Every structure is written in C-alpha cells, then in structure tokens.
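Following: one structure in structure tokens, then a few remarks.
Just so it is clear, the model here is predicted, and its values are computed rather than measured. Scope of the values below: all heavy atoms of this structure, side chains included, with no hydrogens, waters or symmetry mates.
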Amino acid sequence: MRLPLALVANVRLLNSGLRIRHSIHNGVIKTSLLSSHNICSRAERKWIKPAGFDTGVKTYNSLTKQKEPLVLAQERIATWYSCGPTVYDHAHLGHACSYVRFDILQRILSRIFEINVIHVMVITDIDDKIIQRSLEQNISPTVLARMHEEEFKRDMQALRVLPPAVYMRVTDNIPQIVAFIKRIIGNGHAYVTSQGNVYFDTQSIGNRYGKLVNLGGIAGELGAQDKRDPRDFALWKASKPHEPHWESPWGQGRPGWHIECSTIASSVFGSQLDIHSGGIDLAFPHHENEIAQSEAYHQCEQWGNYFLHSGHLHLKGSVEKMSKSLKNYVTIKDFLKSYTANEFRLFCLLTRYRSAIDYSDASMNEARSTLSTISAFCHNAQAYMQGHLQCQPTEEGILWERLSATQSSVRKALADDFDTPKTMDAIMSLIHHGNCQLQPATKVDGPRSPAVFGAMLSYVREIMGSSIGMNSEVHDSSGVLNNVVEELVHFRSKVRKFALSVEDQAPQDPHTGSEIQKRHPQPDRVPLLKDCDALRNNLAPLGVHIKDRGTNSTWEITRRGETRKD
C-alpha cells in the first residue's frame with residue numbers, strides 16, 4: 001500500500017527531529033516546523049573567517065549578524081555578485097535605492113580602499129511574472145524582457161550607477177543551469193518527481209539549511225505538491241502549456257528561481273565568492289536557497305563569505321516597503337522629472353545602507369538643501385582662488401588642520417561598515433568652517449590663502465565625485481555651454497562696472513560745503529544697470545545663477561528644479 005504523499009513527508013520530518021504543527025487557513029493545510037532540538041547546530045552554522053587579504057574594512061555580515069573584518073581571497077580583488085532585476089515591468093525607486101546604495105559601497109572600496117571590484121549581475125529574463133505579463137500584453141516573453149532590460153540599464157545610467165563587469169541573462173545560461181542541477185542530483189541533494197519537477201532536498205544537508213535565517217516556525221504547504229518537505233524548493237519546473245521551455249534530462253521545462261544565481265555566480269567565480277548583495281527581502285528564501293544549492297554543488301562548507309543586505313525604501317508614514325504588488329511605487333523615470341540623480345544619491349548617503357529609509361518630499365528637500373550647500377561652497381572656493389571673491393585674511397592653519405582631521409575621520413567612518421551618514425557629517429562640518437572664512441569683503445588687507453581652499457575643494461570633489469559617484473558641482477552642462485556662460489558673464493561684468501562708475505563731481509552738502517560720501521551712478525547709465533539686473537534675474541529660472549560681488553560677478557549652472565545656496 002502506498003502512503004499518501006503528505007503522510008510520507010510527515011514521517012520524514014519526524015525522523016529528522018522536527019515536530020509538526022498543522023493548521024488550516026482558507027482551506028489550505030499549513031505546516032509549521034518546530035524543532036525538538038536546536039534546528040541548526042552552531043557547529044554546522046558557524047561562519048568561517050576567510051584566509052587572505054584584510055582590507056582594513058569591517059562590514060556587517062548577514063551570516064553572522066555582526067560586523068566582521070572584510071577579508072578577500074585575493075589581494076585587492078573583491079569578487080561581488082548581485083541579484084539583478086526581474087525584467088517584467090518598470091524599475092521603481094525601491095529598486096533604485098538598493099542599486100544606488102551598493103554602487104556607493106563599490107565606489108568606496110575601489111576609490112578609497114583601492115580594491116578592484118569584479119561585479120557580476122544577473123538579469124532574470126524568464127519568470128512566472130514575465131510569462132504572465134507577456135500573456136496580458138500579447139507579446140513574447142523574450143520581447144517583453146528585452147524591453148524592460150534596456151529600460152533598466154537606462155535608468156541605472158541616469159542614476160549614475162556604474163554597470164557591472166558583465167550582465168548575464170538567465171536564458172543565455174540554460175545549458176549551464178541544467179548541468180548544475182545534474183551535479184546536485186549526482187551529489188545526492190536533489191530529486192526528480194514523477195511530474196518532471198526537480199526539487200532541492202533540504203533534509204539532505206541536515207542542520208546546515210538556515211544559515212541566514214532561523215527557520216524555526218517557517219511555514220510550508222503540503223497537499224497536492226509533489227515535494228517531500230515543505231522547505232524543498234524547485235530547481236527545475238516542468239513545462240506548462242503556452243510557456244517557454246527548454247530540453248533537459250527530466251523533460252521540457254525551465255529553471256526555478258534560485259538556481260540561476262548559483263549557476264551564474266559559480267560559472268564566473270567558481271566555488272568561493274567574496275561578497276553577495278541584494279535587498280533584505282531576498283535574504284529568505286532566495287539567498288538562503290542559493291547558499292544551500294551552491295554548497296551542495298561545490299561540496300564546500302562555505303560558498304559566500306559575506307552577505308550584504310540593503311534596507312527597504314518606505315513611503316514616509318507607511319510600514320510597507322515600496323513595491324509593485326502594493327501599488328505604492330514611483331518609477332525612476334517619473335522621479336527624475338522632479339529630482340536629480342545627485343539629489344537621490346545624496347538622499348541615500350544620509351542613511352546607513354542596511355537601514356530602512358523613509359521617502360518623502362521633506363526628505364528629498366533635505367537632500368536638495370544639503371547638495372546646494374556643497375555646490376555653493378565649491379563655487380565660492382573656486383571664485384576665491386580665481387580672485388573673483390575678495391575676503392579678509394583667513395585662518396589658514398586652522399583650515400589645514402580641519403582638512404586633515406576630516407580626511408582621517410572620513411576614512412575611519414567608511415571603514416566602519418561604510419558609514420556614509422558620519423562621512424557626510426564630517427564633510428559638511430569641513431564645508432561649514434570653509435564658508436566661515438569665505439565671507440565677502442569690499443576692502444581687503446593682508447595675504448590671501450588660495451592653496452588651502454584648493455585642497456579643500458579637491459577633497460570634497462574627490463569624495464562626492466569619484467568615490468561616491470556624485471558630481472559635486474551639480475550640473476551636467478557641456479564645456480561649450482560653460483564657455484558661453486563665462487563669456488556672457490564677463491561681458492555683463494564689464495557693462496555693469498561701467499554702469500556703476502560714479503559721477504565725476506560728487507555733490508556737496510549745502511550746509512557744510514563738504515562732499516556727500518554716498519555717490520550714485522551717472523543718470524544716463526542707470527538703464528544699463530537695470531538691464532544687467534534683468535539679465536541676471538531672467539537667467540536664474542533657466543539654471544544660470546549669477547551672483548554680483550561688488551563690481552565682480554561669479555556664476556554657476558544648476559539643472560531646472562534644483563535650488564542653490566549663496
């Protein structure tokens with residue numbers, strides 16, 4: 001007599017030391033797995049510190065739930081794999097937040113700590129959602145996926161996210177996936193069902209399943225499913241009518257969700273991976289299952305050494321993450337109509353990468369204001385160096401000390417799990433002290449100190465530019481436009497200086513006979529002065545901001561919608 005599948009599964013669970021609790025919800029039997037002993041022993045879950053090159057950086061490792069020294073297998077080379085998009089729809093701001101945050105981390109490793117990051121990202125171009133959406137739109141899944149893949153890449157470029165060394169599509173790696181599954185089966189860690197599905201056998205790896213999360217109380221569904229254990233997951237799905245499919249030893253079908261990442265990461269990096277990243281929502285089941293099947297394939301104790309997870313983006317006042325299923329999302333394209341890439345990157349910098357982040361107009365305005373302060377300092381420092389901004393003698397020694405202290409504190413903060421909020425505090429403090437010395441003066445006595453402002457300017461540009469991927473001057477204008485504006489402002493300054501020239505003979509006080517101190521422009525030149533003011537005011541809405549400093553003028557270009565601080 002053949003036992004019912006659900007009963008067989010329950011017997012296997014009992015033999016493995018797990019207690020079973022059943023409940024019925026909406027007619028579906030839910031099974032919770034409760035441990036009669038510790039479900040994952042510490043010995044089998046223990047993280048193994050890698051041997052190799054110590055970067056001097058500590059990073060929070062989801063495998064240990066604490067900060068660990070970042071040690072790379074090869075000197076100054078970091079192998080980094082990240083889960084890319086499932087390309088069935090527009091990317092939204094929640095996606096962008098994760099990609100921008102990890103782009104910032106990679107830039108910090110590369111530019112500050114001189115680590116060569118080799119980054120590989122998968123493009124999931126076959127999936128239940130892609131198939132469903134293609135049926136709804138009456139186009140092929142391939143065409144749908146290619147459309148949204150290209151849109152995703154344009155969005156990332158618009159947000160100044162550096163592309164990985166290579167994008168790899170799932171559908172370009174089907175033979176490798178099939179071979180990967182065959183080896184897992186051969187190693188005794190997967191099984192084929194009569195329906196043509198292939199499942200990973202979680203019981204075959206004992207208590208090693210659950211390295212990222214505590215699986216006590218994880219619920220699964222029994223009943224009509226053809227798997228032995230509710231925790232088992234699909235490596236290969238048998239084909240259904242009207243779905244794309246590929247040939248395999250188990251019949252026609254397509255890959256399960258998790259197997260793609262293990263296969264592609266292993267095809268590039270082999271049996272050891274330094275860093276794996278993704279949103280916190282991917283920790284379980286996706287990354288958990290990646291670990292299980294990768295270690296089963298390679299027969300190794302530890303496949304990925306560090307798992308980095310970014311926090312969710314929430315709409316302010318909501319406990320739910322931004323997602324398409326909840327219909328509470330903003331597309332990247334729509335967002336960039338109101339804000340700039342620089343503003344969004346700074347918005348991301350103001351919180352720790354692994355913490356949740358609240359999105360609102362107020363938080364974006366805070367980022368915009370901070371960016372304007374940085375931009376104004378850069379322009380003022382440059383104007384001072386060029387002699388266009390006259391100031392009283394500065395306390396140069398103090399500024400050199402401030403710069404040195406800032407460089408030290410920034411490096412220390414970034415080495416401590418990429419603490420970008422503390423980094424920004426240090427940068428803004430440096431800018432504050434610089435601005436205190438850059439106060440315009442009409443009459444200047446004493447030496448000037450352009451060198452220290454040049455050093456401060458270079459450092460701010462380095463951190464905000466190459467290291468963090470943000471153009472500190474906040475404009476995308478071409479060199480040609482800059483030159484045109486420079487000539488225009490230069491001509492206007494000449495006209496304005498001419499218009500401001502005072503009358504040759506100053507008027508006298510009728511009572512004392514002495515000259516009145518206040519002098520006025522000659523009457524026939526007042527219209528020129530008004531025209532100069534009108535030009536300045538008319539250019540401001542177009543993004544060209546002119547600031548008059550006595551008879552001299554400075555200028556800057558911002559994108560429309562950005563604010564500026566003097």
Side-chain angles (χ1 to χ4, degrees), residues 80 82-87 89-111 117 119-123 147-167 277-279 308 310-315 321-324 329-361 363-368 370-372 374-375 418 420 423-424 461 463-477 558-562:
W80 188 313
S82 65
C83 300
T86 300
V87 283
D89 204 344
H90 309 291
H92 60 64
L93 219 54
H95 302 135
C97 186
S98 182
Y99 293 122
V100 166
R101 282 171 148 180
F102 285 123
D103 177 65
I104 290 169
L105 266 57
Q106 290 176 357
R107 288 174 183 266
I108 290 168
L109 278 180
S110 298
R111 312 296 169 83
V117 177
H119 179 206
V120 172
M121 179 183 288
V122 71
I123 299 289
M147 287 168 48
H148 290 298
E149 176 185 337
E150 291 309 310
E151 182 185 34
F152 168 78
K153 291 176 180 177
R154 288 194 299 270
D155 285 341
M156 293 301 101
Q157 184 178 26
L159 292 171
R160 300 198 176 111
V161 173
L162 294 175
V166 63
Y167 289 106
S277 66
L308 276 56
S310 60
H312 284 148
L313 180 76
H314 299 261
L315 290 174
K321 70 171 185 174
M322 184 177 287
S323 70
K324 291 172 185 170
Y329 66 92
V330 179
T331 67
I332 297 171
K333 185 177 180 180
D334 286 341
F335 170 82
L336 290 175
K337 294 176 182 177
S338 302
Y339 300 102
T340 68
N342 279 344
E343 289 166 347
F344 185 69
R345 294 184 74 90
L346 190 55
F347 165 76
C348 292
L349 284 169
L350 295 176
T351 57
R352 299 291 289 262
Y353 75 92
R354 56 188 174 90
S355 64
I357 185 170
D358 286 334
Y359 170 78
S360 65
D361 287 337
S363 59
M364 285 306 306
N365 286 334
E366 179 188 358
R368 175 174 284 178
T370 303
L371 196 60
S372 295
I374 297 170
S375 176
F418 311 99
T420 55
T423 295
M424 289 307 304
R461 284 176 172 170
I463 294 298
M464 305 308 296
S466 62
S467 301
I468 295 186
M470 198 167 62
N471 180 354
S472 61
E473 293 193 275
V474 206
H475 61 75
D476 300 321
S477 53
T558 62
R559 285 178 53 174
R560 293 185 66 179
E562 291 179 349

For [X], enumerate each residue passing the ring pair (Phe, Tyr, Trp, His ring centres under 6.0 Å) test, keeping only those at least two apart in sequence or located in another chain.
X: F152; value: Y99
X: Y353; value: none
X: F102; value: none

Kindly say whether [Y] contributes a backbone atom to a donor-acceptor pair with the side chain of [X] at under 3.5 angstrom?
X: D103; Y: L162; value: yes
X: S375; Y: L371; value: no
X: S372; Y: R368; value: yes

Quick one: are [X] and [Y] in side-chain contact, heavy atoms under 4.5 Å?
X: R160; Y: N342; result: yes
X: I123; Y: P85; result: yes
X: L313; Y: F347; result: yes
X: V161; Y: R345; result: yes
X: F344; Y: L336; result: no

Subject >> Greater than 12 external heavy atoms within 6.0 Å of E150's CD >> reply: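 Result for CD/E150: enclosed.
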At what distance, to the nearest 0.5 angstrom, does [atom1] of [X] lie from [atom2] of [Y]?
X: H119; Y: L109; atom1: NE2; atom2: CG; result: 12.0 Å
X: R111; Y: I468; atom1: CZ; atom2: CD1; result: 11.5 Å
X: S363; Y: I357; atom1: OG; atom2: CD1; result: 7.0 Å
X: M156; Y: K153; atom1: CE; atom2: NZ; result: 12.0 Å
X: L308; Y: L105; atom1: CG; atom2: CG; result: 6.5 Å
X: M470; Y: R461; atom1: CE; atom2: CZ; result: 13.0 Å

Original post:
How are the rings of H314 and H312 set to each other: parallel, tilted or perpendicular (split at 30° and 60°)?
Top reply: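 Perpendicular.
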Original post:
Cut-off 3.5 Å, side chains only: do R101 and T420 have a donor facing an acceptor?
Top reply: no
Original post:
Any chance the side chains of D361 and Y339 put a donor and an acceptor closer than 3.5 Å?
Top reply: yes
